[in-house]
There are 2 protein chains.
Amino acid sequence: MKNRLEELRKARGIRQEDLADALEVSRQTIGSLENGRYNPSILLAFKIAKYFGMTIEEIFIDEEE
Amino acid sequence: MKNRLEELRKARGIRQEDLADALEVSRQTIGSLENGRYNPSILLAFKIAKYFGMTIEEIFIDEEE
DNA sequence: CATAAATGTCAATTATGCTTTCCATTATTT
DNA sequence: AAATAATGGAAAGCATAATTGACATTTATG
C-alpha cells in the first residue's frame, strides 16, 4: 500500500509534526506512514482524506494484482 | 463507521460465506463488519470496494463531526 | 412441524495500528 | 564548525482488527 502523504504534506509546506497535530496522531505515526512501515486504520485514512480534501483512493494506492 | 455491506451483499443475492470466500476472509469477519462490531483494515476496505466496483467512500460512511 | 440453511455471537488467539520514549541521522541556520 | 530543527527508526506496550471454532438463534424449505 503506497501513499502520497509526503508529497502532499510538502506541497503544503508543513512539517510531519504539524500534520500529526492536525490529525491528532503522533509524529512517529506520520513518519511511519510516509515511509511505508505500516498502513493506516480506515478511520485515520478518512481523517487524512478529509484533511487534504481528497478521497482515500486519491491518496492511498492499493497495489494488488 | 457505518457501512452498506449487508445491503450490497443482499442486492447480489449471495451469502456471507460466499462474500467471505471471494474476499478471502472468514464468514465471521463479514458478519462482524455487517453488524458493526469492528471496522475493516484499509486493505480489506480496498478489497471490498474492488469487489463491488465502488469506492471506499461509497460503501463506508465516516461519521465524524 | 421438522429439518436444514443461513446468520448471530461468544471465547480464545494472533496480527497489526498506534502510542511513548529514546537515540541517530540528515538538513538548515548562525 | 557548531548548534538547532526536522526526520528516521527501534523497542516495548496497549488497543483493536482479524482469525478459528463452537454453539445458539433465526429464516427458509420440505
Side-chain angles (χ1 to χ4, degrees):
Chain A
M1 166 87 42
K2 285 187 180 177
N3 69 69
R4 297 172 53 203
L5 265 191
E6 183 173 10
E7 165 198 349
L8 294 170
R9 175 178 61 79
K10 290 189 173 169
R12 301 221 167 185
I14 62 175
R15 297 171 303 161
Q16 289 185 345
E17 191 170 358
D18 298 325
L19 181 56
D21 289 346
L23 298 173
E24 297 177 300
V25 296
S26 70
R27 179 184 69 79
Q28 285 77 356
T29 292
I30 300 300
S32 293
L33 293 177
E34 288 191 355
N35 290 296
R37 277 191 290 278
Y38 54 71
N39 295 321
S41 69
I42 193 168
L43 287 178
L44 180 53
F46 265 105
K47 259 190 173 179
I48 291 170
K50 181 183 292 184
Y51 178 85
F52 287 110
M54 302 168 70
T55 65
I56 290 177
E57 285 83 355
E58 286 170 332
I59 301 175
F60 297 92
I61 295 90
D62 182 37
E63 38 198 357
E64 304 225 334
E65 76 289 349
Chain B
M1 166 83 48
K2 286 186 178 175
N3 69 70
R4 297 172 51 203
L5 264 191
E6 182 173 11
E7 164 199 350
L8 293 170
R9 174 178 61 80
K10 289 188 173 170
R12 300 220 166 185
I14 61 174
R15 299 169 302 159
Q16 289 185 344
E17 192 169 358
D18 298 325
L19 181 55
D21 289 345
L23 298 174
E24 297 176 299
V25 297
S26 69
R27 179 184 69 77
Q28 287 82 349
T29 291
I30 299 301
S32 294
L33 292 177
E34 289 190 355
N35 290 298
R37 277 193 289 277
Y38 57 72
N39 296 321
S41 68
I42 193 168
L43 287 177
L44 181 52
F46 265 105
K47 257 189 174 179
I48 292 170
K50 180 182 291 184
Y51 178 84
F52 287 111
M54 303 169 71
T55 66
I56 290 177
E57 284 84 355
E58 287 170 332
I59 301 175
F60 297 93
I61 295 91
D62 182 37
E63 37 199 356
E64 304 224 335
E65 75 290 352

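In what follows, chains are A, B, ... by sequence order, proteins preceding strands, each numbered from 1. All values reported here derive from a predicted model rather than from experimental measurement.
Taking the charged nitrogens against the carboxylate oxygens, A/R4 and A/E58 have no contact shorter than 4.0 Å, which rules out a salt bridge.
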Grab the N/O contacts between the protein and nucleotides 25-27 of chain C below 3.5 Å, and write none if there aren't any.
none

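Residue A/E34 places its side chain closer to D/dG8 than to any other of C/dG17, D/dG8, C/dG8. Listed candidates were C/dT7, C/dG8, C/dC18. Nearest to the side chain of B/N35 is C/dG8. Relative to the side chain of B/R15, the nucleotides D/dA18, C/dA6, D/dA10 differ in distance, and C/dA6 lies closest. Among the nucleotides D/dA18, C/dT9, D/dG8, the one closest to any side-chain atom of B/R37 is C/dT9.
For the pair A/R12 and A/Y51, the cation sits on the ring face: its NZ or CZ lies under 6.0 Å from the ring centre, inside 45° of the axis.
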Problem set entry | Verdict with supporting geometry, B/L19 and B/F52, side chain to side chain contact (heavy atoms under 4.5 Å, CB included) | CA-CA 10 Å; B/L19 181 55; B/F52 287 111; 4.2 Å; yes

For this session: Test side chain to side chain contact (heavy atoms under 4.5 Å, CB included) on B/T55 and A/T55 and set out the steps.
Result: CA-CA 9 Å; B/T55 66; A/T55 65; over 6 Å; no

Problem set entry | Verdict with reasoning, A/K2 to A/F60, per side chain to side chain contact (heavy atoms under 4.5 Å, CB included) | CA-CA 6 Å; A/K2 285 187 180 177; A/F60 297 92; over 6 Å; no

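We find that CG of B/D21 is positioned 12 Å from P of C/dT7, with the value rounded to whole Å. At whole-Å resolution of the value, CG in B/L44 and P in C/dT16 are 14 Å apart. Nucleotide C/dC18 holds its C1' atom 11 Å from the CD1 atom of A/I30, rounded to whole Å. Between A/F46 atom CZ and C/dG17 atom P the separation is 17 Å, expressed in whole Å. Rounded to whole Å, atom P of C/dA4 lies 17 Å from atom CD of B/E17. Between the CG atom of A/L5 and the P atom of D/dT7 there is a distance of 13 Å, rounded to whole Å. Between the C1' atom of D/dA15 and the OH atom of B/Y38 lies a distance of 15 Å, rounded to the nearest Å. Atom CD1 of A/I14 and atom C1' of D/dA6 are 13 Å apart (whole Å).
Once rounded to the nearest 0.5 Å, the distance linking CD1 of A/I42 with NZ of A/K47 reads 14.5 Å.
Residues B/L33 and B/I61 do not share a hydrophobic cluster, clusters being chains of Ile/Leu/Val/Met/Phe/Trp/Tyr side chains in contact below 4.5 Å.
Sequence order on DNA chain C of the closest nucleotides to A/N39 and B/G31 puts B/G31 first from the 5' end. Comparing B/K10 and B/S41 by the nucleotide of DNA chain C whose heavy atom lies nearest to each, the residue mapping closer to the 5' end is B/K10. Place B/V25 and A/R9 on DNA chain D by their nearest nucleotides, and A/R9 ends up nearer the 5' end. In terms of position on DNA chain D, the residue among B/Q28 and B/S32 whose nearest nucleotide sits closer to the 5' end is B/S32.
A donor-acceptor pair is defined here as one N or O able to donate and one able to accept, closer than 3.5 Å; such a pair exists between the side chain of A/E57 and the backbone of B/I56.
Side chain B/R27 to base C/dG8: a donor-acceptor pair is found below 3.5 Å.
Nucleic acid contact class of B/S26 (heavy atoms, under 4.0 Å, all strands): base.
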